[in-house]
Amino acid sequence: MRRAVNLAKRGAGWVNPNPMVGAVLVRYDRIIGEGFHEFFGGSHAEVNAINGVPSDQVAGSTLYVTLEPCAHEGKTAPCVNLIIERKIAKVVIGMTDPNPLVDGKGIAFLRSAGIQVQVGLMEQIVRQMNEVFVKYIRTGKPFVVLKTAMTLDGKIATVTNASRWITGEKSRKMVHLLRQNLSAVMVGVDTVLFDDPLLNIRMKGTWKNPLKVIADTHGRIAMENKVLTNDPQLTIIATTALADPQKLKQIERAGAQILICPLKDNRVDLGFVIHTLGKMGIDSVMIEGGSTLAFSALKEGVVDKVISFIAPKILGGASAPTAVGGVGIDKMENAINLTKLKFKKVGEDLMIEGWIR
Ligand code: AOF
Ligand code: ZN
């Protein structure tokens, strides 16, 4: 199962909004076949593990698969049929498939065909690997990660708004990896105006760039900003009726999409943006700043998980921006609490992961 999990992760960023799935076929305690779901629309992990292995070897073998094999006719034929046809004797499953189309039906089908089924091996690890899928398939809303990068005193820039670079190279590379694994990145317009980020992936190898979503209530983005001049077809400007229609037309002509949103507290309604992205097939979003957007997202309750990089630097300055701004929370008992915290050292920085309680 550990091997199946590692295989599954190779599909990260390519399979969305499908889950990452890995499968390993074992006979007499030896691996005779393995595979994973490689890209959206591609064959399922089980098929990749089983196909190519001679029939006489498959018959009587044990299949380890991270997710319950599907029993529905999707883009591909149901995996349970293949498992039964090829006379696999036993199937060990990491977790049941939360997809309402499957949800236990695969397991029931295998059992009724006389196949021995064991469920829940390494379940916690498998579940966390597919936290994006689990949320999206059940709610239709993307899993939202709030990423912050700050100094030890919580600053995301100096008093003069200089922000390159707070964290070290390793942390920044990690962010690129996160961008690859999630379907969209979102920032506020001030971040675009101050930092002019590309919001793409710059690493060796082949990567799929995420959709770039800019929260821009008044349509203040500059036409020269890199998100409008580089791959503008991947850019969505989430704006409101407060923006100048002429400017919005100009943005559309540049190749970006405009999403007119309702207002909430005089800003883009983030709940609406998240809901709309879900309907577009976006299963995951990483909010990358700035501090105003971070606060709105937390207050609106759209954030599922926070990933914070903390650099061993101190900047001070009462007016220097902190990771989360906005109007703030009044009473300690109303603080936003994180749970299941994880810590990791990344280069010289500390990475903290926590889930919104
Ligand atoms: C499996 N093995 O490797 C995967 C499964 O659109 P389709 O046909 O690719 O089906 C996608 C659904 O199938 C997805 O929502 C999830 O329920 C399941 N994914 N199942 O047996 C796999 N990727
Ligand atoms: Zn399948």
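Numbering of residues begins at 1 and proceeds along the displayed sequence. Keep in mind that the numbers below use all heavy atoms, side chains included, and drop hydrogens, waters and symmetry copies. Numbering of ligands and ligand atoms starts at 1, following listing order.
- For ligand 1, the atoms lying closer than 4.0 Å to a non-hydrogen atom of Val21 are 3 (O), 4 (C), 22 (C), 23 (N).
- For ligand 1, the atoms closer than 4.0 angstrom to any heavy atom of Pro69 are 21 (O).
- Taking the charged nitrogens against the carboxylate oxygens, Lys105 and Glu68 have no contact shorter than 4.0 Å, which rules out a salt bridge.
- In this structure, atom 23 (N) of ligand 1 lies nearest to the protein heavy atom His37 CD2, 3.2 Å.
- With respect to the salt-bridge test (charged N to carboxylate O, under 4.0 angstrom), the residues Lys264 and Glu300 qualify.
- Shown in contact with His72 at under 4.0 Å from a heavy atom are these atoms of ligand 1, numbered in order with element: 10 (O), 12 (C), 13 (O).
- Shown here are the side chain to side chain contact (heavy atoms under 4.5 Å, CB included) partners of Tyr136, two or more places apart in sequence or in another chain: Pro17, Asp283.
- Taking the charged nitrogens against the carboxylate oxygens, Lys299 and Asp265 do have a contact shorter than 4.0 Å, which makes a salt bridge.
- Through direct or relayed side-chain contacts under 4.5 Å between Ile, Leu, Val, Met, Phe, Trp and Tyr, Trp14 connects to Phe39.
- Among all non-hydrogen protein atoms, the one lying nearest atom 14 (C) of ligand 1 is Asn18 OD1, 3.6 Å.
- Nearest residue to atom 10 (O) of ligand 1 from His44, Met20, Lys75, Glu46 is His44 (criterion: closest heavy atom).
- Residues Ser308 and Thr148 have side chains that bring a donor and an acceptor to within less than 3.5 angstrom of each other.
- Of all the heavy atoms in Asn266 and Thr217, the pair that sits closest is O-CG2, 3.6 Å.
- When each of Leu259, Leu293, Val192 is tested with Ile214 by the rule side chain to side chain contact (heavy atoms under 4.5 Å, CB included), just one qualifies, namely Val192.
- Listed by number with element, the atoms of ligand 1 under 4.0 Å from a non-hydrogen atom of Thr76 are 8 (O).
- With a 4.0 Å cut-off on non-hydrogen atoms, Asn99 touches ligand 1 through its side chain and not its backbone.
- Taking atom 16 (C) of ligand 1 as the reference point, the nearest protein heavy-atom neighbour is Asp97 OD2, 3.3 Å.
- A heavy-atom distance below 4.5 Å is not found between the side chains of Asn16 and Leu182.
- Each protein N, O or S atom less than 2.8 Å from the Zn ion (ligand 2) was counted, giving 3.
- Near Cys79, meaning under 4.0 Å from one of its heavy atoms, ligand 1 places the atoms 21 (O).
- For ligand 1, the polar-atom distance check finds an N/O of Cys70 within less than 3.5 Å of one of the ligand's N/O atoms.
- Using a 4.0 Å cut-off to heavy atoms of Gly74, the atoms of ligand 1 that qualify are 8 (O).
- With distances taken over non-hydrogen atoms, the option nearest atom 3 (O) of ligand 1 out of Gly22, Ala45, Gly41 is Ala45.
- Salt bridge absent: Lys313 and Asp153 never bring a charged side-chain N and a carboxylate O closer than 4.0 Å.
- Nearest protein heavy-atom neighbour of atom 19 (N) of ligand 1: Pro19 CG, 3.7 Å.
- The shortest heavy-atom distance from Phe40 to ligand 1 is not under 4.0 Å.
- Taking the six-membered ring for Trp and thresholds of 30 and 60 degrees, His44 and His37 have ring planes more than 60 degrees apart, a perpendicular arrangement.
- Taking the side chain to side chain contact (heavy atoms under 4.5 Å, CB included) definition, one finds that Leu198 meets it with Asn200, Arg202, Lys226, Asn230, sequence neighbours left out.
- Contacts of Phe133 with ligand 1, taken as heavy-atom pairs under 4.0 Å, involve the side chain alone.
- Electrostatic pairing of Glu288 and Arg179 counts as a salt bridge here, judged by a charged N lying under 4.0 Å from a carboxylate O.
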**OP:** Output, in order, the C-alpha distance, side-chain angles, deciding distance and verdict of salt bridge (Lys or Arg N to Asp or Glu O under 4.0 Å) for Glu131 and Lys305.
**Re:** CA-CA 10 Å; Glu131 61 186 353; Lys305 177 180 177 174; 2.8 Å; yes
